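Letters A, B, ... mirror the listed sequences (proteins, then strands); counts begin at 1. Keep in mind that this is a model prediction, so the values were computed, not measured.
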Amino acid sequence: MTEPSDLDDLTECVLDCVAEIPPGRVSTYGRVAAEARARCGRGGPRNVGQVLSRHGDEVPWWRVVSASGATALHKDSRQLTLLAAEGTPMRGEARVDLRVALHDFVIGLGEPDA
DNA sequence: GTTATGACTATGG
DNA sequence: GCCATAGCCATAA
């Protein structure tokens, strides 16, 4: 158990999914949302961002990008810098190459109970 | 209980 | 490839 239980199930699942993303790779909000939903049965693409904004300081939020491969947000320059520093394959200047950088989640095989 | 907001996605033009 | 609209889920007021 290493479950802090300080956060809600949804928050735990989202943070866990983002934390599983290896360096040099990225994932999309929809992908993380789908994984989190497969584990807790809750959550949506919007909730991922909401959780990250609340507890994004505990997880590599910069490894999460929009479905278009574009850095989603308010701190795009910061995220791009971090991604580039990790060696993430990028396309253009403000876009990540999802073809190569997109991390492959295994829906339903993450943590159904354990 | 309803309305408004949010680091989104999918589809259509 | 880009813009506009619709849909979705959870939280806060």
Side-chain angles (χ1 to χ4, degrees):
Chain A
M1 359 37 6
T2 61
E3 272 78 309
S5 302
D6 281 2
L7 311 167
D8 299 282
D9 289 355
L10 179 57
T11 309
E12 273 186 62
C13 293
V14 173
L15 293 175
D16 191 38
C17 293
V18 177
E20 275 188 40
I21 302 171
R25 286 263 155 90
V26 296
S27 188
T28 66
Y29 288 91
R31 213 72 191 200
V32 175
E35 240 307 273
R37 203 190 206 199
R39 296 187 187 189
C40 309
R42 277 184 246 193
R46 251 170 146 113
N47 293 93
V48 177
Q50 208 80 295
V51 170
L52 290 175
S53 84
R54 256 182 95 121
H55 301 273
D57 59 315
E58 296 288 303
V59 293
W61 60 268
W62 56 85
R63 287 177 197 159
V64 187
V65 299
S66 60
S68 299
T71 47
L73 19 171
H74 35 236
K75 279 163 182 179
D76 53 323
S77 46
R78 185 69 183 156
Q79 181 165 20
L80 285 169
T81 304
L82 288 160
L83 289 171
E86 298 273 281
T88 306
M90 304 193 24
R91 198 182 185 203
E93 299 240 344
R95 223 145 186 142
V96 182
D97 196 340
L98 292 177
R99 310 175 300 179
V100 196
L102 182 59
H103 172 66
D104 218 355
F105 270 109
V106 187
I107 310 296
L109 268 158
E111 189 184 0
D113 183 74

With sequence neighbours excluded, residues passing side-chain contact (heavy atoms from CB on, under 4.5 Å) with Val64(A)
Val18(A), Ile21(A), Tyr29(A), Leu52(A)

Under the rule for side-chain contact (heavy atoms from CB on, under 4.5 Å), what residues qualify as partners of Gln79(A), not counting sequence neighbours?
Trp61(A), Trp62(A), Val65(A), Thr71(A), Leu73(A), Leu83(A)

Identify, with sequence neighbours excluded, every residue that meets salt bridge (charged side-chain N to carboxylate O under 4.0 Å, His left out) alongside Glu58(A).
none

Listed partners of Asp97(A) passing salt bridge (charged side-chain N to carboxylate O under 4.0 Å, His left out), at least two apart
Arg99(A)

Indicate, with a heavy-atom threshold strictly under 4.0 Å, whether Arg95(A) touches base, sugar-phosphate, or nothing.
sugar-phosphate

Applying ring pair (Phe, Tyr, Trp, His ring centres under 6.0 Å), name anything that partners His103(A), two or more places apart in sequence or on another chain.
Phe105(A)

Tabulated below should be each protein N or O lying under 3.5 Å from an N or O of nucleotides 9-11 of chain B; please produce it.
{"from": "dT9(B)", "atom 1": "OP1", "to": "Ala67(A)", "atom 2": "N", "distance (Å)": "2.7"}
{"from": "dT9(B)", "atom 1": "OP2", "to": "Ala67(A)", "atom 2": "N", "distance (Å)": "3.4"}

A side-chain contact here means heavy atoms from C-beta on lying under 4.5 Å apart; do Leu80(A) and Met90(A) qualify?
yes

Heavy atoms within less than 4.0 Å of DNA chain C: which residues of residues 53-62 of chain A have one? Give them sorted by number.
Arg54(A)

Could you state whether Leu10(A) and Ile107(A) fall into the same hydrophobic cluster, counting links through intermediate Ile, Leu, Val, Met, Phe, Trp or Tyr residues with side-chain heavy atoms under 4.5 angstrom apart?
yes

Secondary structure of DNA chain C in dot-bracket form (Watson-Crick or G-U wobble, distances below 3.5 Å, | marking inter-strand pairs):
.||||||.|||||

Check side chain to side chain donor-acceptor pair (under 3.5 Å) between Arg31(A) and all other residues, then give those that pass, not counting sequence neighbours.
none

Partners of Cys13(A) by disulfide bond (SG atoms under 2.5 Å apart), sequence neighbours excluded?
Cys40(A)

What's the separation between atom OG1 in Thr11(A) and atom CZ in Arg42(A), rounded to the nearest 0.5 Å?
10.0 Å

Under the criterion side-chain contact (heavy atoms from CB on, under 4.5 Å), I'd like the reasoning laid out for Ser27(A) against Glu35(A): C-alpha separation, chi angles, the key distance, then a yes or no.
CA-CA 11 Å; Ser27(A) 188; Glu35(A) 240 307 273; over 6 Å; no

Span of DNA chain C in contact with chain A (heavy atoms, under 4.0 Å)
dC2(C) to dA12(C)

Residues 87-96 of chain A vs side-chain hydrogen bond (donor to acceptor under 3.5 Å, both in side chains), sequence neighbours excluded, gives none

